[in-house]
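See structure below.
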Amino acid sequence: MLNPREYNCGGVIWFPIVATALLTIQIIAFGKICELSASRPQILYLNSVLDAIFLLMPYIFLPPKWRRTLWIIEIAITCLFITEIIHYRNFGIFYSGAAIFSSNIFDPIVLKSSAALIKTSDLWIIAPPFLLIPFYIMWRKDILSYRYKKSIRIFSAVLMAAIPFILFGTATRRAKAWYPEEAPTYTEAFKFECDRLASPPFISYIAEDLGITFLTAKLLTDLIPDTYTLSDSERKEIEQLLHSKSAQNNAQPANKGKNLILIIVESLNSTVFDIPDRASIIPVLGSLAHDNSTLFAPFITTQCGPGGSCDGQLMYNTGLLPLKDKPFPAYFADSDYPSLAKALNGYTSIEVIGENPKIWNHMVTSKSYGYTNLIHSLAEKGNNGIDGNIFNGAIAALDTIHQPFFMEITTLAMHSPYTEPKTSPKLGKNNPTVNSLEPRDRNYIEATHEFDIQLGKFLSTLKRKNLYGNTIIAITGDHHAPHASLSDKLNTIFVPLIILNSGTHLKYKETAGQIDIFPTLLDIMGIESYVIPMNVKEYRGLGQSLIGNTPPVCAMSATGKVYREGKEHQNSEAYTDLEQSWKTGQLIIRSRYFNR
């Protein structure tokens, strides 16, 4: 037992208690902000206490002079929490440790977006380390001089070693109770938890079910290069799924040889088509969506994972679902992928972006997707606004390339946050629809209106250059706008898809996924058979064409939620085929399946 006469009780007893209490509060606040265990808060409370004890237990058994490392832990945890909270508010999903290799966190647009998403509730994350400082100063002499008895040091080390097993054991017990079909026994429940830890359905699951200790370990292991070797059974599963998808084509021969322009719009929500007075707010998009000669699908489910925009580009270009636990460009940007550019054999292919190509390893993925040219860093080149500059760069490129061509244009101006106007308001103070919105919604609508203006100018230029009539034009969003950035009035999981000049007149009212756009474009471009040289097999991605023989009626997001009939469907466990597509997508990317 500790003898109070041997030391000042403050530095030896109370400081570790105060530090543990403050860290517990910090962890609980993080869980509340990120909605971890919202329906079962007792899990969050238990895990938070155990995590705090685990992280600060070295204070007991380390040599006194080493206790200064306590501040390294405090600062690291605080930075981790702030990073994850901002990423969660931006993209609705946690940040992966591997994302640091994609350089996106240093992009000025991302940094500006992050600063705007900080809220007063974040003081619960920032304040605890500062509150600990006066206690450290007051008891500094005791903290840096007193050495605990050997028996206490041994006990603390054993307890620290036991806490991960306690966390995993309680999670295993819950798995047996909550998933009786997948985990009917404790052995099966243990294996179930091991599988989910190795390949979590989403990163936040680890923090929710296993705590911050396991989340930190996961983020650190993400820094290790990801390699995977397929078993014979896994390779057979992939081949069977790809074969089943390849039989579902409905190619339109009349469109063979036409140009293709794919416009990927930053954070374009389908809800903009439902607002009153849309004729004045999005006159171009609105008229195209309701034109009798276009394909319009308003319920395309966002399926992006931690990669955000780059995940959307992956799905549209390759027909593959992204990784759930890390942005794929961190390790797999240079893999060989089947793609639209490669399927359009004989086409000139060009990609047009506004940002620095180092962001999300874009310079590398562009080559992997088969583009022959990448025009980049256009956002600040000109005086026409970000999207105006990007479209002008695309127009300039059209004068230098031969037909038929495939051009992908990715816009940028509608990137969150929407706390401040992104452009000079053009809708006017007398517009009752706009004036009735919250400021953030109003700024988003103004940004959408500005994009609509630039889109109209771009389409007019195509007509003036006599390119419009011979060009299929597809317009969609890279992902939905971050839910924390808008009110419920504009929030949605869905992005729209509009396809012009395809000869297909369709108002697609069913729910589909981003993964379904790739096979849809293959069909519309008249590509009957896209054969991958490495295995001489036809490839049409993991989705289903909207104009195919078996069009999609539902989709599963990266978090495992299923959407049908334009809303979330509660019985997600019934959709094993969707889960299989996600599993197959992970295996294909991690194993570099298409590399020769």
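- Rounded to the nearest 0.5 Å, atoms CG (Leu210) and CG (Leu50) are 12.0 Å apart.
- Using modelled atom types, one finds a donor on one side chain and an acceptor on the other under 3.5 Å when comparing Thr584 with Gln580.
- Taking 4.5 Å as the limit, some side-chain heavy atom of Pro322 sits within range of a side-chain heavy atom of Trp582.
- The existence of a salt bridge linking Glu193 and Lys191 is excluded, since no basic side-chain nitrogen approaches an acidic carboxylate oxygen closer than 4.0 Å.
- Side chain of Ser270 to main chain of Val495: a donor-acceptor pair is present (N/O by atom type, distance under 3.5 Å, no hydrogens or angles).
- There is no side-chain donor-acceptor pair under 3.5 Å between Ser267 and His415.
- At least one donor-acceptor pair under 3.5 Å links the side chain of Asn269 to the backbone N or O of Ala481.
- Side-chain atoms of Ser545 and Asp523 include a donor-acceptor pair closer than 3.5 Å.
- By the 6.0 Å and 45° rule, Arg173 does not stack over the aromatic ring of Trp178.
- Separation of atoms OG1 (Thr576) and NZ (Lys583) is listed at 11.5 Å; rounding is to 0.5 Å.
- Remark: the Thr78 side chain and the Gln26 side chain contain an N/O donor-acceptor pair separated by less than 3.5 Å.
- Between the side chain of Thr302 and the main chain of His479, no donor-acceptor pair closer than 3.5 Å is present.
- Using a 3.5 Å distance cut-off with no hydrogens or angles, the side chains of Glu408 and Tyr316 do not pair a donor with an acceptor.
- Residues Ile353 and Leu378 fail the side-chain proximity criterion, which asks for heavy atoms closer than 4.5 Å.
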Under the side-chain contact (heavy atoms from CB on, under 4.5 Å) rule, what do Thr410 and Glu266 come out as? Steps first, then yes or no, please.
CA-CA 7 Å; Thr410 304; Glu266 175 66 46; 5.8 Å; no
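- Using a 4.5 Å heavy-atom threshold, the side chains of Val265 and Asp478 count as separate.
- Using a 30° and 60° split on the angle between ring planes, Phe168 and Phe214 fall in the tilted class, from 30° to 60°.
- One N or O on the side chain of Asn361 and one on the backbone of Pro329 form a donor-acceptor pair closer than 3.5 Å.
- Rounded to the nearest 0.5 Å, atoms CG (Leu497) and OG1 (Thr520) are 7.0 Å apart.
- Under 4.0 Å is where a charged nitrogen must lie from a carboxylate oxygen, and between Asp334 and Lys367 no such pair does.
- Looking at Ser591, its side chain never comes within 3.5 Å of a backbone N or O of Thr229 through a donor-acceptor pair.
- When the shell of 6.0 Å around CD of Glu380 is examined, it contains 12 or fewer heavy atoms from other residues, nucleotides or ligands.
- When atom types are taken as modelled, the side chain of Asn491 and the backbone of Leu486 share a donor-acceptor pair closer than 3.5 angstrom.
- Side-chain contact check for Asn317 and Tyr371: at least one donor-acceptor pair (N or O, by modelled atom type) lies under 3.5 Å.
- There is a side-chain donor-acceptor pair under 3.5 Å between Glu351 and His362.
- A salt bridge is absent between Arg592 and Asp336: the closest approach of a Lys/Arg side-chain nitrogen to an acidic carboxylate oxygen does not fall below 4.0 angstrom.
- Side-chain contact check for Thr213 and Asp51: at least one donor-acceptor pair (N or O, by modelled atom type) lies under 3.5 Å.
- A donor-acceptor distance shorter than 3.5 angstrom exists from the side chain of Gln303 to the backbone of Gln514, with no hydrogens or angles considered.
- With no hydrogens or angles considered, no side-chain donor-acceptor pair links Arg174 and Tyr179 at under 3.5 Å.
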